[in-house]
Structures are given as C-alpha cells and as structure tokens.
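Shown next, in structure tokens, is the structure this report addresses.
Remember, predicted model here, so these are calculated numbers, not experimental data.
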Amino acid sequence: MLSEDDLFARIINVKNLKENCFKYLEESSKELLTQKIIYAISELTAEKMGPVKLSEIALKSTGINDKLKQDLVRLTIEKSLLKCGLVEKLKYAPNDVRYILTAYRFQKIKEIDSFRGASSEPIGDVFELPKSSWPIPDDFYLLLARKYGYEESLKKLHTDYDGDLIPRGQYENLNNYYTKILDIIREKLDSKYSSLEKLVIVES
Amino acid sequence: MKFLIIFSLVLFGFIFVGFDGNLAFSQSNQNMINVSFENNIAPSYEIPIVSGQKFTLIQSYSWVKDETSRYNLVSYTLDGETVNISRNARGDFTLNIPTDSFHNIVFSAVSQYALAVEGTNNFSYLPSSPTQDNWFDAGTEVSVNVQKTIEIKNNKVRQEATGWSLDKLEFWIIEDDGSTSFTTAPITMNEYHQVDFLMTNQYKLNVLSDFGETTGSGWYVQGITVPIGVDTGIDGLILNTLSGWEGADIIYDGNIALVLVDGPVTVSAKVEKNYSLLIVVIVIPILIVGVIVVKKFKRATPVIIEKTIEKTVEAPQKKYTDKYDEKLSIYLAEQILEKLDELYSLKIISETKYSKLTETQKFVKENLGKNLK
C-alpha cells in the first residue's frame, strides 16, 4: 500500500492538464462515466486510504458490479484517464491491479508552440476535487477538532477565572494542563500535517 | 586459473609430510605411502618413507572447494580399514604411519556450505553444525532458532524479532504467538545461505497509580499512541477520582488518555480523594440530627438559637463553581464536536468519517455528563 507521504503528495501537487483532459472534470462532463469514475476513485481512496480495485470502482460509479460494467470501466480508464495521466495503475500481483488518482488539484493549461519551443499557459483557477474525498487520515481531522476544542476551552478558562468562578490554584493547574496538551497537538499538526492544514483550512 | 590456485593450495597449504629424526634416508630401506582422496576431491600423491623411522602424515581438516564451499575430513581408510575422524573445522589431522612396508591411505571428505545469520546474536542452529561452526554438510536441512526478545536496557528497551528473510529474496513475518523463541523453516544446505532477522525496537510503557489497577502497561513499538487508564476504585467511603496524568506528554480530555510511546515511558495517575460519598453517608445525617437538635433547642431557648442561625449564615458559602474540571471537560468535548460539525458542513470531511469521529466524541461527552450528575 502507499505511504501517507505519497498520498499527501498527491493532494499537495497541482497537476497540469491539457484542455482535452481537463474537460473530464468540468461541469459539462457531469453525466459522463469518465467523471463518475474519477469521483468514485477519489471517494473510495479516501475511505480506504489507498488504491482501489476495479470491481469497487465499477460498483461505485455505475451501481452495478458485473463483468460488463467492469470491462466498460476498465476501458474508460485505459483509454482516457490513464492516457491523460489522471489515474495511475498499480500492479500488486498478476491478479491484483488497483487504481489511484495522480492528483486532487488540477490546473487547466494551454500549450503554445513557438519558434522558441513549446510552452504552456494556465487557464483559469486551480480545480479541486471535493476536500471530503481527499485521502486524509481521521487522525488529522481529530487533531484539528481537538486543537479548536482546547483553544476554546482555554479561552473559557481565562474568562471564568476573571469572573472569579474558580480559585487561582485550580485555574493555574488547568491552564498548564490544557496548554501543554494544546502544544502537543500543535506540534503534531505542524510536524506531520503542516502543508495539509494550510490547504484544508486556510484555503477552505 | 582458479583450479590451479586450488590445486596449489591443496599441495602446499594443506598437506605436509613430516619426518621425525634424520631426513636423510637410503634407497635400500625405502618404502612408499600412497595418499589419495575419495571421489578424487584432491590430487593423489606418493611419499617415500624410510623403514624404521617414525612417520607422521598431516592433513588439514578443511580446505577450499570453491568460492562458497569447502571440503571437510570425515574418515580415512588405511590399507582397507576405515576409521572415522572426529570432525573439526580448522587445524590439522595427524596420523602416525608405520614405515615397515608400503601403505595405502584414502581420505574421505564431505562438501560443506556456510549458513550466515544477520540481525541478531541470540540464535542457534538446529541441528548444530558437525564442525561446531556455521558450516553444514551438503544436503542437510538446518533451521535457525532465535530468541524472540532481547532485553537491551532492563525493563526499558528491548528488541523483538518481527520477521526473517532467506537470502534477502523472500520475507516472512514472525507471528506473535506468545512463544519466547522462533524457529525458521528447514533450509537445505546445497549452497551458501543467509538468514536475516528483522529486529524491531520496543519500549516499555509503565502505567502507575497509588490506587486501583492500571491498564496500558506493556511493550510497544516507537511512535504508537496507546490508550491508558486506571480503575481507581473506592477506599472505604472515600472515592478515588482520577484528576490527570503526569510523567509524559499525555492527551487527556477528562475521560480518554492517550500516551505517545517515543521511548521508555513511565506515567502516573494523579488520584484525588473524593469525600462526597462520605459526606452523604456520615456528615449529612449528622447535620440533619444537628438541625433537629437545634430546632428543639430553638423552641426552648430562642435567644441562643438566633446566634446559632447567625453563625450558619456566616459560614463560607460556595463561591466557586462545583466540579469545574468536569464541566470544562464537557465544554471541551462540545467544542470538539462543534469543530467536527463545522468541518462536515464545509464539506471538508466525508459523512462516513464524520459519523465515525463524532460517535467517539459524543460517547466521551455523555460519559462526562453522567459523572457530573
């Protein structure tokens, strides 16, 4: 299985897509199987925190998991998504092939050919797949929630102390204790999830 | 070229013929000794000997076969009579041969291959090597037995064998089945083999408490977060209440405590005496009796009663909030839930993950609420 670092890299990196590939992500392709497959892989990967099997993708994207649908999904992935570099195919064993998205944020680009060689130009904003379908571990969300919880609890503690609701000794004990835990949470978020926190929260 | 080197080693390095006494001998009383090797594993040779003089034949116990194998002496046959040799890895085998007549001696040796073990020093071979080292006769099946745990620092750091590989090609997990040692599958010694053991560092987590029984103590790999707990119990009519933990960085929200094992850790529960049950059972009845007595006394001597009431009024009232710690813990649980709700409403977190995470938090909050009641 892929490491968390590998999964995070897929979230952080923005993938450039030519117009003919970017179209699969656009609103106009909403009803197309290609887009349904992209979203299915994304959601399944988030649940499993790793690459997913064809049968799972077929079931999620079409609602049916039979050979016909699997062939249809496989063909769509092979002909469109793999060629565009949107999906990566991983062979764990001869009978164990899994798929994963190469990125979760995409930039539409226009290729320009000139006498100085080929170059590309971004078109529009970066497109993001829904954050709820990013492969982020539960631990991250829990740390975010805990951080907020401890910050708010410390605020309340200060207010209550100012309002003379607790004695000084108890206030100092609780303040030290809650601050210490908050520091641990912040340290863990900064060391392990700093780039993710910025993407998920600041840019949300 | 390789053959020539081996040939020269056999001739010059391993075979030495010694004469005791005068080296000079005359042609007239000369005999011969014919030395050969079974299956022609080394070149044969003849040695002239002098009748009447002591003659000692010296043959190396082991000699090189090729880059990864060797020959090891097992027996010799002197004029048709076979004698087994006590097996040795190194040194020379010596044999005194009578010089009275011609003698024919045939040495027998077997091919041996080495079985190298990496990753640990606490191991043994099953069966052990016939030459008391790590070389085994061709065709034999050998297993390696390893002690699963090796204490590095008493009750603090240890290593545990968690996997092994053969020739770095195949890898197997060593299951934790409660046994103290692990034996590999038999390895057929027809070539050089290497067994690597994967040893993982483990650290001791000690959870201590002056009261009750603790949970969570044990050996853990580095980086794991372990839930710990203590059942503080009741000391007569005095309840023991857990107020926190000390000794390491612990995440504790009033109900669930988690400690990160980043090395050997000892944590202690901070237990406070809770006299509420004692008050309910003993103090309150005394107060009630006291009030009844006072009421009776009030009827008899009104003036004194007035003073008593005054004193009761003057007694320090509870200025501070009761059970503030628990109330703050509940507030914390509420805030955590609020944030999770926000993440869900902003579609940052999926419904599946939201349900799973909030379930735990709601449980924590409910239990804190029950404690408060």
Side chain Lys131(A), main chain Leu346(B), donor-acceptor under 3.5 Å: no
Donor-acceptor pair, side chain of Lys353(B) and main chain of Glu47(A), under 3.5 angstrom: no
Between side-chain atoms of residues 201-213 of chain B and protein atoms elsewhere (two or more places apart, or another chain), which donor-acceptor pairs fall under 3.5 Å?
unit_1    : atom_1 : unit_2    : atom_2 : d
Asn201(B) : OD1    : Gln159(B) : NE2    : 3.4
Gln202(B) : OE1    : Arg158(B) : NE     : 2.7
Gln202(B) : OE1    : Arg158(B) : NH2    : 2.8
Lys204(B) : NZ     : Asn155(B) : OD1    : 3.0
Ser209(B) : OG     : Phe211(B) : N      : 3.2
Ser209(B) : OG     : Phe211(B) : O      : 2.6

Which portion of Leu343(B) sits near chain A, non-hydrogen atoms under 4.5 angstrom: side chain
Proximity breakdown for Glu338(B) and chain A, heavy-atom pairs closer than 4.5 Å: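 Answer is side chain: those atoms of Glu338(B) sit under 4.5 Å from chain A.
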To the nearest 0.5 Å, what is the distance between [atom1] on [X] and [atom2] on [Y]?
| X | Y | atom1 | atom2 | result |
| --- | --- | --- | --- | --- |
| Ile348(B) | Tyr141(A) | CD1 | OH | 8.0 Å |
| Leu144(A) | Lys339(B) | CG | NZ | 7.0 Å |
| Tyr354(B) | Ser132(A) | OH | OG | 14.0 Å |
| Ile336(B) | Leu142(A) | CD1 | CG | 7.0 Å |

Chain B interface, residue from Glu152(A), Lys147(A), Lys180(A) that has the most non-hydrogen pairs under 4.5 Å: Glu152(A)
Contact winner vs chain B - Lys188(A), Glu151(A), Arg146(A), Glu43(A), heavy-atom pairs under 4.5 Å: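 With the most close heavy-atom pairs to chain B, the winner is Arg146(A).
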Should we say atom [atom1] of [X] is surrounded by more than 12 heavy atoms from elsewhere, each under 6.0 Å from it?
| X | atom1 | value |
| --- | --- | --- |
| Asn20(A) | CG | yes |
| Lys270(B) | NZ | yes |
| Glu78(A) | CD | yes |

Minimum-distance pair of heavy atoms, taken over all atoms of Trp245(B) and Tyr177(A):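 So the two residues come closest at O-CE1, 4.2 Å.
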Residues forming a ring pair (Phe, Tyr, Trp, His ring centres under 6.0 Å) with Tyr148(A), sequence neighbours excluded: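 In terms of ring pair (Phe, Tyr, Trp, His ring centres under 6.0 Å), with neighbours along the sequence ignored, Tyr148(A) is linked to no residue.
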For chain B, which residues of residues 153-174 of chain A have heavy atoms nearer than 4.5 angstrom: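 Interface residues of residues 153-174 of chain A: Ser153(A), Lys156(A), Leu157(A), Asp160(A), Asp164(A), Leu165(A), Ile166(A), Pro167(A), Gln170(A), Leu174(A).
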Interface residues of residues 60-70 of chain A facing chain B - heavy atom cut-off under 4.5 Å: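 Residues of residues 60-70 of chain A touching chain B at under 4.5 Å: none.
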